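What follows is one structure encoded as structure tokens, with my remarks underneath.
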Amino acid sequence: MRLAIIAILILFAVAILVWPTVDNVQVPSGREEVVFWHFWGGDDLLVVQDIVRRFNESQSKYWIRETSMPGNNMQAKLFLSIGGGSPPDLVNQDDAI
């Protein structure tokens with residue numbers, strides 16, 4: 001029984017350590033946040049993050065917060081976010097909606 005409890009605690013600790021965290025970057029004062037959903041991952045994600053970083057550094061009016069959303073069922077996710085009252089400002093979508 002003790003071994004089972006220890007195993008569960010270890011699994012719980014590992015799950016907490018590998019759980020994805022939310023980007024806690026604060027929007028700089030005086031800028032308007034623009035939430036951008038896209039479907040890129042892997043090497044392409046690094047390219048998108050670099051473009052967003054360069055844009056954010058190039059001006060002082062807007063702050064782009066990019067969020068990589070898995071492309072699977074992106075349309076449903078978008079419609080649910082709209083229905084829930086919290087849609088992104090920009091969406092990169094390659095399906096016809």
Side-chain angles (χ1 to χ4, degrees):
M1 183 67 167
R2 281 186 184 173
L3 186 58
I5 292 172
I6 291 171
I8 290 171
L9 289 174
I10 289 172
L11 287 174
F12 182 74
V14 169
I16 288 174
L17 290 174
V18 298
W19 193 266
T21 58
V22 175
D23 183 14
N24 290 325
V25 173
Q26 295 296 320
V27 177
S29 177
R31 291 199 190 187
E32 181 179 342
E33 181 179 42
V34 177
V35 177
F36 169 48
W37 283 9
H38 60 84
F39 55 83
W40 290 295
D43 291 338
D44 294 330
L45 175 60
L46 298 176
V47 172
V48 172
Q49 289 173 335
D50 184 53
I51 292 169
V52 168
R53 180 191 55 76
R54 287 186 290 141
F55 177 83
N56 285 340
E57 291 172 354
S58 73
Q59 47 75 50
S60 60
K61 186 171 181 178
Y62 299 103
W63 181 262
I64 305 296
R65 182 178 307 271
E66 60 86 20
T67 303
S68 181
M69 300 289 288
N72 192 16
N73 296 320
M74 178 78 132
Q75 182 175 336
K77 293 171 191 172
L78 178 60
F79 289 152
L80 285 171
S81 71
I82 292 169
S86 185
D89 300 301
L90 296 171
V91 177
N92 175 257
Q93 171 68 314
D94 64 350
D95 284 341
I97 296 179

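A quick note: this is a predicted structure, and the numbers were derived from the prediction, not measured. Only heavy atoms go into these numbers, but all of them, side chains included; no hydrogens, no water, no symmetry mates.
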Can you sort out the partners of Arg54 under side chain to side chain donor-acceptor pair (under 3.5 Å), two or more places apart, ordered by chain and number?
Asp50

With sequence neighbours excluded, tell me which residues meet side chain to side chain donor-acceptor pair (under 3.5 Å) with Glu57.
Arg53

When rounded to the nearest 0.5 angstrom, what is the spacing between [atom1] in [X] and [atom2] in [Y]?
X: Met69; Y: His38; atom1: CE; atom2: NE2; result: 10.0 Å
X: Ile64; Y: Glu32; atom1: CD1; atom2: CD; result: 9.5 Å
X: Gln75; Y: Leu80; atom1: CD; atom2: CG; result: 10.5 Å
X: Leu90; Y: Trp37; atom1: CG; atom2: CH2; result: 12.0 Å
X: Asn92; Y: Phe39; atom1: CG; atom2: CZ; result: 4.5 Å
X: Trp63; Y: Glu33; atom1: CH2; atom2: CD; result: 9.5 Å

Would you find a donor on one side and an acceptor on the other, under 3.5 Å apart, between the side chain of Ser86 and the backbone of Ser81?
no

Do Val47 and Val52 belong to the same hydrophobic cluster, where Ile, Leu, Val, Met, Phe, Trp and Tyr are linked whenever their side-chain heavy atoms lie under 4.5 Å apart, directly or via other members?
no

Are Ile51 and Leu46 joined in one hydrophobic group, where the rule is that I, L, V, M, F, W and Y side chains link up if heavy atoms are under 4.5 Å apart?
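Looking at the clustering, Leu46 is in a separate group from Ile51.
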
Members sharing Leu3's hydrophobic cluster (side chains within less than 4.5 Å):
none

Val91 versus Met74: any side-chain heavy-atom pair under 4.5 Å?
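Touching, per the 4.5 Å side-chain cut-off.
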
Taking the side chain as C-beta and beyond, is there a heavy-atom pair between Leu78 and Pro88 under 4.5 Å?
yes

